[in-house]
Amino acid sequence: MDQRTTVKDALQAKAACNMIICGTIQDVRHQGEYLTLAINDGSTVTPIQARLTRAQVGDDSGISRGSTIQLHGQMKPLRSSCLDHYNHPAFEIESFSILGRSDPNSYLISLVHPSPEFLHKNPHLRVRTPQHALVARFRSTVISALSRFFDSHPDGPFYQVHLPLLTWTDCEGSAEVFATPTQCSKQEGSEMKDTYFDARRYLNVSAVFHAEAFVQGLDRIWTLSPCWRAERTDSPRHLAEFWMLEVAVNYIDSLEPLYQLLEETIRSIITLLQDSPAGHEILAQSATRSKNLKQRWNKLLTQNWPRITFADATKLLEPARAAKGSQLPTKSSPHDVTPDEEKYLCEHFDSPVFLTHFPSQIRLFQAAQSAKDIAEIPPGTGFPSSQTTESFDLLLPGIGEVCSGGLREHRLDVLIDTMRKKRFLQGQREGPVPERNAPADAEPYPYLHPGEDLKSVEWFADLRRWGTSPHGGFGVGFERLLQYLTGEDTVKEVISFPRYFRVCGC
């Protein structure tokens, strides 16, 4: 195929010249002896207006919505049918060819103003619409910004790594997972067997575990990879299949470097977006939306976002909880911070907020345990222990939590003790949890009591057993971040093929 010009570049052409344009016909308008076509190729949200005569069209040209077309011609001023002067540029077609025909009798989508119901049922056609093509370009721009930032970080590059998508464990211990048994046939009702790996394996819930293996060899790493969680909800915040930005850094012993790195990462994204075509188009969609998005982006450009410990946030939230008549916490149902309360904290500070030092009971077992005198959980919150972790969530206004992170427990004895308290060890005895670990030279594994077994997470403990160092990292829910940056109402609008509870289309 000859060298072609994108619709975006054709619209910006300052001088008339011959060019070739390829794209999808979004709309066809009949105006007297002329046909005016709205054509786009995904390079911009604005289609090009192309005009040809009925004589050029012929009897069976294949010109209809959804067809793909190749045009030869020039950009010229188009005479308005209402005003007797030339008022806007259009593409004057000299010749054309249909590359792919669309059946005009069954093609129900209007690519200019499609109905949301149609797009939800036909996600394979969503990216053909101007809005979803724009979101896809925007998503690509954000990924490019991440790559540039990590490659050129002033303290040295972060290495991009690819982590496994099939795992031995559900990682978090409580998330509902997607298992991956095999079957001999795709027919519904075929028997499912765990034969391929000799035991059941799962689609990855989080990249955090395997990132720790990489950080011990490379010091500073990042990855953007898919994750799966079988959460039975259709909320605007959740997807069954989503993408996670995971960053890990070696040789840090406080949360401060992670706060700074996360702020730097997001500011670098905003800086690039402000100078990018996709960023300009997102901001230009409407005056009201543009104003709100600019305010959102500007908040992310500020430095040193407020930090509040879980304990202090609990005190701050007490009046709001009392006003709502919230049930008092108990040991069986302690109070975590809810999504609405996360938004309340952001409104209180009028800023992104770091919510820090979560109770050990509601954090993963690999979260580093805080020193006893740091941000202890006060009585009355329902948590049976005042032990906190060196952990944090990043909350964004109107969205809530988009990132979780913290220091990772690098001490083998403390890690195993935490696993035991969380009942994560196989073969644990019923009843009270032992107050002390077994000796460091216990057989068959250090610090385990007789009968206990690490099973699928032994490799994770091995990272500590054979030498480790203080380290930490964070994971950003990529779709939640994109939802915030684009102003969309739900994460389903910022991923091309959304999978969520009861919905897994093409």
Side-chain angles (χ1 to χ4, degrees), residues 120-124 161-214 223-235 237-246 248 362-367 404 408 415-416 418-420 422-428 430 444-445 448 451-463 475-480 491-492 495-506:
H120 288 159
K121 294 178 181 178
N122 298 273
H124 55 295
V161 298
H162 295 153
L163 305 178
L165 304 183
L166 292 174
T167 65
W168 289 47
T169 175
D170 67 354
C171 177
E172 298 196 356
S174 59
E176 196 167 350
V177 298
F178 290 103
T180 59
T182 59
Q183 63 181 31
C184 296
S185 169
K186 293 182 180 179
Q187 292 181 359
E188 190 172 348
S190 296
E191 185 179 2
M192 307 287 284
K193 297 181 179 180
D194 298 318
T195 56
Y196 193 87
F197 296 110
D198 296 325
R200 183 156 296 193
R201 299 296 179 260
Y202 308 95
L203 292 177
N204 201 10
V205 170
S206 169
V208 63
F209 275 18
H210 291 90
E212 292 200 40
F214 268 100
T223 187
L224 184 62
S225 60
C227 298
W228 294 265
R229 297 185 186 180
E231 294 175 294
R232 299 176 183 273
T233 176
D234 185 17
S235 83
R237 295 161 43 98
H238 292 93
L239 291 166
E241 178 182 82
F242 61 97
W243 288 72
M244 182 78 76
L245 168 66
E246 194 76 40
I362 57 174
R363 232 40 180 183
L364 304 186
F365 60 72
Q366 45 56 287
S404 289
R408 313 309 186 194
L415 178 72
I416 288 180
T418 304
M419 287 180 175
R420 183 180 295 112
K422 290 179 175 291
R423 300 284 180 180
F424 210 88
L425 299 177
Q426 298 291 320
Q428 281 187 252
E430 297 294 332
Y445 204 92
L448 290 183
E452 294 178 339
D453 196 329
L454 291 166
K455 292 292 184 182
S456 62
V457 290
E458 183 173 327
W459 70 271
F460 187 72
D462 285 346
L463 297 176
V476 179
F478 194 54
E479 281 75 25
R480 289 189 186 180
V491 290
K492 300 178 183 67
I495 190 168
S496 296
F497 293 88
R499 278 82 166 90
Y500 49 98
F501 188 45
R502 299 190 185 282
V503 175
C504 183
C506 51

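Everything quoted here is computed from the prediction, not taken from an experiment.
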Close side-chain approach of L448 and I416, heavy atoms under 4.5 Å: yes
Heavy-atom side-chain contact between R408 and V208 under 4.5 Å: yes
Of all residues at least two apart in sequence or in a different chain, which pass the salt bridge (charged side-chain N to carboxylate O under 4.0 Å, His left out) check with R237? E342
Counterpart residues, side chain to side chain donor-acceptor pair (under 3.5 Å), relative to T195 (two or more places apart): T182
With sequence neighbours left out, write down each residue that passes side-chain contact (heavy atoms from CB on, under 4.5 Å) with R502, or none if nothing qualifies. none
Atom pair SG (C184) and NZ (K193), whose distance is rounded to the nearest 0.5 Å: 6.0 Å
Sub-4.5 Å side-chain heavy-atom contact between S456 and Q426: no
Distance-minimising heavy-atom pair for S206 and C227: CA-SG, 3.9 Å
Quick one: are L203 and E241 in side-chain contact, heavy atoms under 4.5 Å? no
What's the shortest heavy-atom distance between L415 and A461, and which atoms? CD2-CA, 4.2 Å
So, using side chain to side chain donor-acceptor pair (under 3.5 Å) as the criterion, who are the partners of Y445 when residues are at least two apart? D462
For W459 versus A213, what's the shortest heavy-atom pair and its separation? CZ3-CB, 4.5 Å
What's the spacing between F478 CZ and L239 CG if we round to 0.5 Å? 13.0 Å
Sequence neighbours left out, what passes side-chain contact (heavy atoms from CB on, under 4.5 Å) with Q428? Give chain and number order. R420, R423, L425, E452
Restricting to side-chain contact (heavy atoms from CB on, under 4.5 Å), what partner residues turn up for F197, sequence neighbours left out? L166, R201
Counterpart residues, side-chain contact (heavy atoms from CB on, under 4.5 Å), relative to T233 (two or more places apart): E231, S235, H238
Given side chains that start at C-beta, do those of P226 and L165 come closer than 4.5 Å, heavy atoms only? yes
Would you say the side-chain atoms of T223 pair up with the backbone N or O of V161, donor to acceptor, closer than 3.5 Å? yes
Would you check if the side chain of K422 reaches a backbone N or O of L364 as a donor-acceptor pair within less than 3.5 Å? no
F242 vs V491 side-chain heavy atoms within contact, under 4.5 Å: no
Listed partners of D234 passing side chain to side chain donor-acceptor pair (under 3.5 Å), at least two apart: K492
Below 4.5 Å, heavy atoms only, C-beta onward: do K455 and F424 meet side chain to side chain? no
Taking CZ in F178 as the centre, count heavy atoms belonging to other residues, nucleotides or ligands within less than 6.0 Å. Is the count above 12? yes
Parallel, tilted or perpendicular: which one describes the rings of F209 and F460, with boundaries at 30° and 60°? parallel
Closest heavy-atom contact between P164 and N204? O-ND2, 3.3 Å
When rounded to the nearest 0.5 Å, the distance separating CD of E479 from CD1 of I495 is 4.0 Å
I want to check something: taking the side chain as every heavy atom from C-beta on, are M419 and V457 in contact at a cut-off of under 4.5 Å? yes
Test salt bridge (charged side-chain N to carboxylate O under 4.0 Å, His left out) applied to D194 - qualifying residues, sequence neighbours left out: R200
The side chain to side chain donor-acceptor pair (under 3.5 Å) partners of E246 (sequence neighbours excluded) come to none
